[in-house]
There are 2 protein chains.
Amino acid sequence: MENVSWFALSLLVGAVSMVLALALMIYVLRKNAGNEKMKQIHDAIKEGALAYLRRQNRTLAVFVLVMAIVLGAVTSFLKGTTMGFAMAIAYALGSACTTLAAYVGMRAAVEANVRVAAAAQKGLKAAFPVAYYGGAVMGLFVVGISLMGISVLFFVFKVLLGWSDPDAASVVLGFSFGASALALFAKAGGGIYTKTADISADLVGKVELGIAEDDPRNPAVIADNVGDNVGDVAGMGADLTDSYIASVVATMIIGAEIASETLTVLPLTIAAAGLLSSMLALLFVARSIKKSPGRALNLGTFLTCFIFIALLFLVTRFSGLEGNSWLGVFLPTLAGLGAGIVIGLTSDYFTSIEKKPTKTIAEASVTGTAINILMGFSYGLVSIVPPILCIAAATIASWYLARAFGIDPFYGVASAALGMLSIVGTIISADAYGPISDNAKGVAEQSGLGEEVIAVTDMLDAAGNTSKAITKGFAIGSAALTVLALFAAYTHLVDIKTLDLMSPQVIAGVFIGAMMPPLLSAMLILAVSRNSERMIEEIRRQFREIPGLAEGKAKPDYAKCVDIATAGALKELLLPGIVAIVAPALTLVVLGRESLAGFLAGSIVSGIIFALFMANSGGAWDNAKKYIEEGHLGGKGSEAHKAAVVGDTVGDPFKDTAGPSLNTMITVMSLVAEVFAPLLLLMVSR
Amino acid sequence: MENVSWFALSLLVGAVSMVLALALMIYVLRKNAGNEKMKQIHDAIKEGALAYLRRQNRTLAVFVLVMAIVLGAVTSFLKGTTMGFAMAIAYALGSACTTLAAYVGMRAAVEANVRVAAAAQKGLKAAFPVAYYGGAVMGLFVVGISLMGISVLFFVFKVLLGWSDPDAASVVLGFSFGASALALFAKAGGGIYTKTADISADLVGKVELGIAEDDPRNPAVIADNVGDNVGDVAGMGADLTDSYIASVVATMIIGAEIASETLTVLPLTIAAAGLLSSMLALLFVARSIKKSPGRALNLGTFLTCFIFIALLFLVTRFSGLEGNSWLGVFLPTLAGLGAGIVIGLTSDYFTSIEKKPTKTIAEASVTGTAINILMGFSYGLVSIVPPILCIAAATIASWYLARAFGIDPFYGVASAALGMLSIVGTIISADAYGPISDNAKGVAEQSGLGEEVIAVTDMLDAAGNTSKAITKGFAIGSAALTVLALFAAYTHLVDIKTLDLMSPQVIAGVFIGAMMPPLLSAMLILAVSRNSERMIEEIRRQFREIPGLAEGKAKPDYAKCVDIATAGALKELLLPGIVAIVAPALTLVVLGRESLAGFLAGSIVSGIIFALFMANSGGAWDNAKKYIEEGHLGGKGSEAHKAAVVGDTVGDPFKDTAGPSLNTMITVMSLVAEVFAPLLLLMVSR
């Protein structure tokens, strides 16, 4: 078949990306890892991070095994044993690939932390490339392996085994579902872990004992560093990868359903073009790195976009679509990309330390803690307006642009999601850069490298702020469009032609679905609170029972805190995880398939609202505190600062646990609907 | 026509209710108003409250005049001058009737405050009836005048002028729209007023100066007392009345649209049965009042329900509906009433001082302010689950129960809303009881009546807690069903047969509509913050510039603070008010009528979520503070108490400004859609 050359392209780009990632890993490893004390700290972080990953992966393995068997059995029953076997394999493979990628990425981050701190002794320009390339390992490896996984599976089943497009696309859906299992664990579990450690270390360390954030006497300090790696690097990477794979797969499924081979394969090619753009931009940016670190990050994002637009034009124009119908893919993809950038920039406005909202929150801290909380809460709610208008506009634009050129309108919406996510290699790289710089600062403080070095790491961190905001905007905006695409794929699958919002089942489904994101947010925040209480108890115990700890003469038991965070995170993840899987299934069984469609729609809408609100209010509170710490409004130690610290602590689980987990949760709910709907419908109809 | 006797009934019940309200007013006025100092305080509160009402009504009058002219012009253009004239009159009348009722109710509350305090000197049993009947004035007068207004209008246009049912129902819609104008001002404006005064008085008085909550030296103390009357009594009454009228009118419109005279008139009769039940229950409860005040309030609610169910059976059974189709009205109405009670009881669970959530929040305060905030936030989110499941269940149940007996299913949903709201006379009475007791406590403190008397007023306040929670549950639950009924009426009006949730316009509309409640909440909270800043400045100025004020030798300038709260509240109301009116209109013009339907659906769903979350988290924070003040976890003055005070302050605008205003806002948006859709459609189609 003629499309084999396209497969070769996506396989090739995926492989090159993984090789490049490993090359960058070697680059990082060759850098100087600092003095003896730094190596000790590095070893402790590495040990803690690996301990978490080991335990997470053990639990994940059991979960994946059970789910693979269920999925295989369900599919065998519905579509025959071969298909069932294929689905189970694809599911396990999706989970395994993304787990491996998260491991490699996190490993790179852990190695980079200490080396960035060491390089910071030579100044900003020596330290920046280490942090930048350390983050790029995650970005390139995870996207490369995902693209290869999808391509290989589709190639094997379609070309080698000769299956039909819809069947082969179904197998790839299994891969996506498997990836979402890792995302659920990495994002929600990692999110609980990181905020447990952060809040506990702060509350006992800063508030009760009055010691600095990264003081080595604090037993929770290593757990806190580990948290940045497992929650922020591995978690955010897994979340974006999950959306990325889901958007590619949803577009392929819709393409297969409308029986167009070209449209089924095209998403792979577009994804390959995006990954290629990320790599090219990385090479270009390498030159400008030494000039201005802050600008290099933004240049990376925008350069990726420009190269991608050029490549996108080429691959759609010469995709073999007849007449000018290529425009029906090109323009929606472009609309999605544009919406993603606008969403990112407006998120930046609402959370940047230099803009009005954050400054207003900082000023409100002078009046008191309650006003700081109310202001952050309110601006967080206002911040949802531009992204939601963008998502609405992108949905309408991609729908009509696709239809105008004879492409299925839902394929257009899915292409918009793909457009946002195709540059995800650069996005994840820039995102991982943040926690690496943050951790480098921690290592510098704990190993006593002095104020100057800490100042360099602070500047590194600040340089990544705009990129970080754009990343979060992309993550949430793309999740919205991806889940809309999955929603469309679901309705195709269960044969719903129109979904009447005036029927009581749909209304009830929308109500119940819309209730899920706030409920899951609350469960995750309560999980962090409960887990923190356990850890605070342990920190206090160590200070009470270990003689000489407070004076810095004895070493705390770091491993014990790491252990509490690890065990607690996985335990607390259980309930929200079960709810996210059972609620859509229950809705289907009790109220029927139209209710489930309403459920998905409701959960998308309120999920986006809560995800945006929590991410942005948390970011604004954080920066309001930093603004005061810069010396404004009384500076560190003032009443205003105390109020801002409370705001920051409230915002922590908002922006790093509940907010970002919602993306994953709504993707999981959509995939549950998609995968299990056929069986449950069969049971119901009996 | 045969239905004239039914009209006579609803007119009669409405009139009797108003007379009974005035009789209770005289009962209250005849009670002893206390010593000279109490009379002074009473005069100051009365003056402040009347000043607020005067200014509110002046602004409202301009607003209503403009809107009446626009409405009249629009309707003239569409349906002829007579109809336009009728609509404008009905609109002005709706606004005037509810304004008068709010005035009478608030006046009764102001008179009752001081007399409850005076009676408290003789003990709990002497004080309770004064507070109870003081609240009942509001409940009975406002519901009576609303019922009369609707009945008279419908009687004049249908029976005297011989208009068709749909035309006469449209005129009544104008009445409902007019009532919502007052509700918007009273609830949102009053909500901003009351929380401005409360937060300012607390932050400067309690926190900066360390004086008691109702210390007469605080310049904001009278404004705070006034706020309880204008925000909590007049505001909550207006909100419930607005929903009440809207539910009656929406049911009538659907009845008229399906061309059944019986079903058009039946809602009036059901409403009359509900009001009659409220009055009968009130008379019965009068006997048990002297035994146990707390139980008397609950008995009032449940007795009203039982009498109403009996009367409901009679009026539906003998309504003249053929065969057993009366069951298609009876059962949905019952389902609505049941859902309202369950919602109320679950709200009670999440906010009661004796239940686990509030205690957990109080215990979290020991760990720190941030954890208190996170816990209150999380439990507030969890608390939305039972009410939303109830609303979903009531929607499905009323739909199918109606259809099973041959009644239009949307008529069933509207009947469920009517079922919840028909006992609103008792609900508003119990609700107004709360702030009256609260204010009595304030008067007792300011006039130095001693600890014992204050303790009695505290117990009065506590007795109303369950009733208050049930009230809020009813208010939000019934608003949800009412707006669903309005939504149905809108789709009838613009001739939408099915509303496809898979069309991009509907999806975009849902997204934009769902964004409105969080946006409006944020605007209202920011309004409170801004207004509080102005007032705090003024309080500090008075303490700085008035010699002898801090020592209690000079009187503060109470009027100045009242003035700031008044002017600020009305000014700050402008923007959210405009947004609530313009956003649906803009959606219609830019995206079309299907988008607007999606917009309404989205705003209902997220409106309910945010209204419930804010009401319940605010209530829980408040009671967590009270729990600590009772002497638990360190009691007053402990670190835990300080943390709980911050939580309470954050919760104040949640539960008393933004949360309850959302009901009104979504009703206003629905009515805008309903009233202006025809004209705007005409403009668009050109």
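What you see is a predicted model, and the numbers here were worked out from it, not measured in a lab. Every chain is numbered from 1 and lettered A, B, ... according to where its sequence line falls, protein lines coming before strand lines.
For B:P653, the part lying under 4.5 angstrom from a heavy atom of chain A is the side chain only. Heavy-atom distances place both the backbone and the side chain of A:I396 under 4.5 Å from chain B. Interface residue B:L591: only side-chain heavy atoms are found under 4.5 Å from chain A.
Of all the listed residues (A:T491, A:T360, A:V645), the one sharing the greatest number of non-hydrogen pairs under 4.5 Å with chain B is A:T491. Each of A:P504, A:A392, A:A522 has some count of heavy-atom pairs under 4.5 Å with chain B, and the biggest count is that of A:P504. Most heavy-atom pairs under 4.5 Å with chain A: of the set B:I388, B:T649, B:T395, this distinction falls to B:I388. Chain A forms the most heavy-atom pairs under 4.5 Å with one residue out of B:I384, B:T367, B:L374, and that residue is B:L374. Between chain B and the options A:I507, A:L381, A:L524, heavy-atom pairs under 4.5 Å are most frequent for A:L381.
You'll find the ring centres of A:F599 and A:F511 outside the 6.0 Å limit. Aromatic ring centres of A:F610 and B:F610: separated by under 6.0 Å.
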Please tabulate, for the side chains in residues 513-521 of chain B, all donor-acceptor contacts under 3.5 angstrom to protein atoms that are two or more places apart in sequence or on a different chain.
from, atom 1, to, atom 2, distance (Å)
B:S521, OG, B:P517, O, 2.8

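A salt bridge links A:E572 with A:R534: the distance from a Lys NZ or Arg NE/NH1/NH2 to an Asp or Glu carboxylate oxygen falls below 4.0 Å.
When each of B:I373, B:N372, B:T369 is paired with B:V650, the side chain to side chain contact (heavy atoms under 4.5 Å, CB included) condition holds for B:I373 and for no other.
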